[in-house]
Amino acid sequence: MAPFRIYLSFLRRFSTAAVTTASPAPITISKAKLKLRKVHDPDKALAIYNSVSKNPSSPLSSRYAMELTVQRLAKSERFSDIEALIESHKNSPKIKTETFLSTLIRSYGRASMFDHAMKMFEEMDQLGTPRSVVSFNALLAASLHSDLFERVPQLFDEIPHRYNSITPDKISYGMLIKSYCDSGSPEKAMEIMRDMEVKDVEVTIIAFTTILGSLYKNGLVDVAESLWNEMVCKGCELDNTVYNVRLMNAAKESPESVKELMEEMSSVGLKPDTVSYNYLMTAYCVKGMMGEAKKVYEGLEKEHDCVPNAATFRTLIFHLCINGLYDQGLTVFKKSAVMHKIPDFKTCKHLTEGLVKNNRMEDARGVARTVKKKFPPRLVTEWKKLEGKLGLYSKASNAAASSSSQTREVFDQEREDAT
DNA sequence: GTAGGGTTAG
């Protein structure tokens with residue numbers, strides 16, 4: 001049933017493509033990956049994926065394409081399509097290699113389908129795939145991505161006992177630590193860390209970073225600071241991510257403390273990245289210093305050679321809206337649409353409501369058009385309810401339509417870009 | 001990016 005659905009989806013896409021665009025010819029994998037990053041419609045994603053998966057040239061890359069496709073389908077809750085897609089790979093001779101099978105387990109995790117991941121792990125004997133810590137780690141990753149953090153300690157107890165070919169390594173332990181951190185127990189995570197030291201398993205910078213972030217989030221700032229000192233004393237090679245976690249904490253304090261820490265970052269030879277600048281921008285936003293926040297945003301590309309990401313847009317647009325700066329919010333929103341990184345539902349709602357309140361009906365409809373194109377079906381349904389409440393397409397609002405040729409231009413540009 | 005775990009939600 002499910003493979004047939006995929007086929008139908010593909011046909012559907014194929015027939016529209018035949019009418020509206022010139023050639024649906026087979027494409028290279030690198031092209032497919034570029035396209036997949038932009039496309040959010042699950043049927044389009046599947047069509048792109050199918051147009052390369054037949055081409056056997058580069059199997060390594062197509063795994064990545066699969067993960068992207070699965071993520072698109074997962075957002076639309078198309079679980080039977082995901083199952084069909086992933087299971088179809090079991091026919092490949094590569095299924096006997098543990099890394100390939102582990103990719104499939106991990107993909108199930110990306111779709112929060114932990115039971116399927118577990119089933120695949122258990123089927124390894126029948127499939128003739130040898131087991132090592134590689135597939136065990138894939139299974140742990142699948143439970144973390146499925147938000148089943150309580151399953152991780154359980155698997156940790158059971159699996160290595162059941163299969164003597166599996167010995168947890170530093171990455172397994174890293175995920176165990178993450179599971180405790182995600183369930184709000186950084187102290188328990190620190191116990192695991194001490195346990196690793198006893199067992200002579202390396203505590204990597206990633207494990208440290210996980211704990212550090214969790215300590216800050218749970219308000220255990222003093223413990224976090226002493227862990228940081230411990231890392232520095234041990235000569236741990238610090239990187240951007242661990243500094244970014246500290247910046248997260250500094251952002252709660254003040255923009256000044258963020259800047260100070262960013263200078264420290266530079267002085268140790270690290271270059272602040274998009275995430276770092278996002279924290280600086282956030283620090284200005286929460287203080288209501290929107291002019292300064294926008295300067296950070298504008299400097300991202302111009303001065304710092306960084307690309308704004310989804311969090312950049314989400315945070316900035318949200319705060320522009322709650323400060324009543326809908327016009328500026330709209331400008332930034334347009335940019336986010338061009339970059340296929342529109343903000344979340346709540347932020348889009350704020351923006352649209354604000355535009356309606358200011359009688360900018362055509363601009364509000366422009367935002368709505370983009371939202372409906374990019375959100376998964378469930379949210380589109382929700383969004384249409386909002387449109388009804390706002391009277392976005394009522395007669396009165398049509399009459400009030402104004403100044404929108406510019407809006408159309410930008411949204412049309414975005415539309416072409418998406419195909 | 002090539003095996004895999006870490007950072008942003010007002």
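Quick note on labels: first sequence line is chain A, next is B, and so on, each numbered from 1.
At B:dG4, none of the side-chain N or O atoms of A:K170 fall inside 4.0 Å of OP1 or OP2 (strictly under the cut-off). Between A:K178 and B:dG4 there is no side-chain N or O to OP1 or OP2 distance below 4.0 Å.
Within the 4.0 angstrom heavy-atom criterion, no nucleotide atom of any strand lies near A:L144. Counting non-hydrogen atoms under 4.0 angstrom, A:V286 reaches nothing in the nucleic acid. A:N309 comes within 4.0 angstrom of a nucleotide base, judged by non-hydrogen atoms across all strands. Within 4.0 Å (heavy atoms only), A:T204 reaches at least one base atom of the nucleic acid. As judged by a 4.0 angstrom heavy-atom cut-off over every strand, A:V275 is placed among the base-contacting residues. Counting any heavy atom pair closer than 4.0 Å across all strands shown, A:R246 reaches no nucleic acid atom.
Spacing between atom CZ of A:F313 and atom P of B:dA9 amounts to 17 Å, rounded to whole angstrom units. Taking atom NE2 on A:H145 and atom C1' on B:dA3, their separation rounds to 14 Å, with Å as the unit. Per the geometry, CZ belonging to A:F208 stands 20 Å off P belonging to B:dG5, to the nearest Å. Computed from coordinates, the A:K252 NZ to B:dG10 P distance equals 10 Å when rounded to whole Å. Rounded to a whole Å, the CE atom of A:M175 is 5 Å from the C1' atom of B:dG5. Remark: P of B:dG6 and CD1 of A:I171 are 10 Å apart, rounded to the nearest angstrom.
Under the 30°/60° scheme for interplanar angles, the aromatic rings of A:F121 and A:Y163 are found to stand perpendicular. Ring geometry for A:F136 against A:F156 counts as tilted: the plane angle lies between 30° and 60°, on a 0 to 90° scale.
One can find a donor-acceptor pair under 3.5 Å joining the base of B:dG4 and the side-chain atoms of A:D169. Side-chain atoms of A:T99 and base atoms of B:dG4 include no donor and acceptor less than 3.5 Å apart.
When distances are taken from the side chain of A:T315 to each of B:dG5, B:dT7, B:dG10, the shortest belongs to B:dG10. Checking B:dA3, B:dG6, B:dT8 against every side-chain atom of A:T209, the shortest atom distance belongs to B:dG6.
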Side-chain atoms of residues 189-205 of chain A: list all donor-acceptor pairs with protein atoms under 3.5 Å, sequence neighbours left out, distances to 0.1 Å.
unit_1: A:R194; atom_1: NH1; unit_2: A:E197; atom_2: OE1; d: 3.4
unit_1: A:R194; atom_1: NH1; unit_2: A:E230; atom_2: OE2; d: 2.9
unit_1: A:R194; atom_1: NH2; unit_2: A:E230; atom_2: OE1; d: 3.1
unit_1: A:D195; atom_1: OD2; unit_2: A:K199; atom_2: NZ; d: 3.0
unit_1: A:E197; atom_1: OE2; unit_2: A:K234; atom_2: NZ; d: 2.8
unit_1: A:E202; atom_1: OE1; unit_2: A:K170; atom_2: NZ; d: 3.3
unit_1: A:T204; atom_1: OG1; unit_2: A:I206; atom_2: N; d: 3.4
unit_1: A:T204; atom_1: OG1; unit_2: A:A207; atom_2: N; d: 3.3

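The side-chain heavy atoms of A:N278 and A:N244, taken from C-beta on, include no pair separated by under 4.5 Å.
You can call A:F318 stacked on the base of B:dG10; the centres are under 5.5 Å apart and the planes sit within 30°.
For A:K259, the salt bridge (charged side-chain N to carboxylate O under 4.0 Å, His left out) test picks out no residue, with sequence neighbours left out.
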